[in-house]
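The basis for the numbers below is simple: all heavy atoms, side chains too, and nothing from hydrogens, waters or symmetry mates.
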Amino acid sequence: MTLPLRAAIIDDEPLARARLGRLLAAEADVEVVAEYGDGPTAVAGLRALPVDVLFLDVRMPQVDGFAMLERLPTSQRPQVVFVTAYSEHAVRAFDARAVDYLVKPVAPDRLARSIERVRDALSVQAAPSAHYPDRIAVSDGQRLRMIAVDELECVIAQGNYVELRMGGRALLVRETMAHVLARLDPRVFVRIHRSRIVRIAQIDQVEPHASGQYVVRMRSGLRLTSGRSYRADLRRALGLPESERVSAN
C-alpha cells in the first residue's frame, strides 16, 4: 500500500490556501500536514516537520517563494510545486529544481498530474543507483566546456554567473547554482551559503563567526563565510552534532 504524500501549503492568501487544501483533500494519496502564511514561518516549521512536497506561492510579503527555498537547508528541502497567479516565473522555478509549476486557479486534473510528477521524482530520489558524473558540461560563451569534478574545489555565485575554482585557477561561466549543485554528489560537496558550494575534503579549518555563521578556510587558503540557514548542512558534512562547538585548529 502506497503511503500518502505529506504536503505543506505556503501561501499568504488564506482563501488560496483553503481552496488548494480542499483540492488536495480530494486526492486519496495526499495528506496536508501543515499550512503557512509566510516564508519565515514556513522555514521554522519545516525544520521540525519534514514533508514530501511543498505547494509554494511565488509572490509573498517579507520573503518570496524563491528566497524561502534558499533559506531551507538542502538536506531538508522536499519536492516543490510552485502555485502562483503569474506565469512569468516558470523558467526560474525549474532552475530551482521545482517538480511542477501550476498557475492559479488550479484545475483538479492538472493538480492530479502534478502529484504524479512528485511521486515519480520521489521514486528517482530513493533509487540506490543514483549516479553523479565524473565530468559536467557548463556553458562558456557559445561553447560547452567539460569540467572534471574531481578537480573542483568550490563553486561561487557571481550575479548571473558562477565561478568554478579548480587547482588555483578560476573559470567564470553562465550557469545557475541549482543546475551545478544538481550534478554534484552531496557526499562530496556541501552548500554552505546560497552562493557557495565547497568540496568537503578540501575544508581545512572552520571558525565560529557571528550569528551562527562560520568562516570556512579551504586548503588552498581561500576563506568563505557560511550562511546561517546552511549551518546544519555544514555541521552534518563535517560529522558534527548540532550541539557541539566548532573551534579553530
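Residues I115 and E27 form a side-chain contact, since some pair of their non-hydrogen atoms from C-beta on lies under 4.5 Å apart. In this structure, the side chains of P40 and Q62 come closer than 4.5 Å at one or more pairs of heavy atoms. Put simply, the side chain of V53 does not reach to within 4.5 Å of the side chain of P78, judged on heavy atoms. Looking only at side-chain heavy atoms (C-beta outward), R92 and T176 stay at 4.5 Å or farther from each other. A 4.5 Å side-chain heavy-atom check between E153 and S220 finds at least one atom pair inside the cut-off. In this structure, V83 and V106 have side chains that are in contact, with non-hydrogen atoms separated by less than 4.5 Å. At a threshold of 4.5 Å between non-hydrogen side-chain atoms, the residues V30 and P4 do not count as touching. Side-chain atoms of H193 and T225, non-hydrogen and from C-beta on, never get closer than 4.5 Å to each other.
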**Q.** E70 vs R191, salt bridge (charged side-chain N to carboxylate O under 4.0 Å, His left out): CA-CA, chis, key distance, verdict
**A.** CA-CA 11 Å; E70 291 287 352; R191 192 170 191 171; 3.5 Å; yes
Q. Going through the distances and angles, do V81 and V118 end up as a side-chain contact (heavy atoms from CB on, under 4.5 Å)?
A. CA-CA 8 Å; V81 175; V118 172; 3.8 Å; yes
Q: Evaluate the salt bridge (charged side-chain N to carboxylate O under 4.0 Å, His left out) criterion for residues R236 and D233: first the C-alpha distance (whole Å), next the side-chain angles of each, then the deciding distance (0.1 Å), finally the verdict.
A: CA-CA 5 Å; R236 238 185 321 270; D233 286 357; 3.2 Å; yes
Q: Quick one: do L54 and M68 satisfy side-chain contact (heavy atoms from CB on, under 4.5 Å)? Show the steps, please.
A: CA-CA 11 Å; L54 303 180; M68 191 227 95; 4.0 Å; yes
Q | Stepwise side-chain contact (heavy atoms from CB on, under 4.5 Å) test for N160 and R174 | A | CA-CA 6 Å; N160 293 327; R174 192 174 182 86; 3.8 Å; yes
Q) So R22 and L20, side-chain contact (heavy atoms from CB on, under 4.5 Å) or not? Walk me through it. A) CA-CA 5 Å; R22 288 194 297 271; L20 184 56; over 6 Å; no
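For the pair R135 (side chain) and M146 (backbone), a donor-acceptor distance under 3.5 Å is absent. Remark: side-chain polar atoms of R71 are not paired, donor with acceptor, to backbone N or O of G39 under 3.5 angstrom. The backbone N or O of L69 lies less than 3.5 Å from a partner atom in the side chain of R77, making a donor-acceptor pair.
Annotation: the span from L23 atom CG to L102 atom CG amounts to 10.0 Å, rounded to 0.5 Å. From R165, atom CZ reaches atom CZ of R199 across 15.5 Å, with rounding to the nearest 0.5 Å. Taking OG1 of T84 as the start and CG of L56 as the end, the distance is 9.5 Å to the nearest 0.5 Å. The line from OH of Y36 to CD1 of I9 is 11.5 Å long, rounded to the nearest 0.5 Å. To the nearest 0.5 angstrom, L222 atom CG is 11.5 Å from D204 atom CG. Rounded to the nearest 0.5 angstrom, D100 CG and L111 CG are separated by 9.0 Å.
Sorted by first and then second residue, the pairs that involve residues 40-53 and meet side-chain hydrogen bond (donor to acceptor under 3.5 Å, both in side chains), not counting sequence neighbours, are D38-T41.
Ion pairing of R169 with E151 is present here, as a side-chain N (NZ or NE/NH1/NH2) and a carboxylate O approach within less than 4.0 Å. Ion pair D29/R119 flagged as a salt bridge, since at least one NZ, NE, NH1 or NH2 atom sits closer than 4.0 Å to an Asp/Glu carboxylate oxygen. R59 has no carboxylate O lying under 4.0 Å from a charged side-chain N of D12, or vice versa, which leaves the two without a salt bridge.
Looking only at atom types and distance, the side chain of R183 has no donor-acceptor partner in the side chain of Y132 under 3.5 Å away. In this model, a donor atom of one side chain and an acceptor atom of the other lie less than 3.5 Å apart for E163 and Q158.
No option in Q205, E207, R231 other than R231 meets the side chain to side chain donor-acceptor pair (under 3.5 Å) test with Y214. If you run side-chain contact (heavy atoms from CB on, under 4.5 Å) between I10 and each of R17, M60, E35, only M60 comes through.
In terms of hydrophobic clustering, with Ile, Leu, Val, Met, Phe, Trp and Tyr side chains grouped at heavy-atom distances under 4.5 Å, V190 and Y230 are assigned to different clusters. Residue V215 is not grouped with residue L238 when hydrophobic side chains (ILVMFWY) are merged at heavy-atom distances under 4.5 angstrom, including chains of intermediate members. No continuous path of hydrophobic side-chain contacts links I156 to Y161 [ILVMFWY only; heavy atoms under 4.5 Å]. Residues L49 and V80 share a single hydrophobic cluster, defined by chaining ILVMFWY side chains whose heavy atoms lie under 4.5 Å apart.
Under a cut-off of 6.0 angstrom, the local environment of CG in D150 is crowded, with over 12 non-hydrogen atoms contributed by other residues, nucleotides or ligands. Atom CZ of R110 sits in a crowded spot, with more than 12 heavy atoms from other residues, nucleotides or ligands closer than 6.0 Å.
I147 belongs to a hydrophobic cluster whose other members, connected by ILVMFWY side-chain contacts under 4.5 Å either directly or through intermediates, are I136, V138, V149, L152, V155, V162, L164, M166, L171, V173, M177, V180, L181, L184, V188, F189, I197.
Listed by chain and number, the residues in a side chain to side chain contact (heavy atoms under 4.5 Å, CB included) with A93 are F66, F82, A98, Y101 (sequence neighbours excluded).
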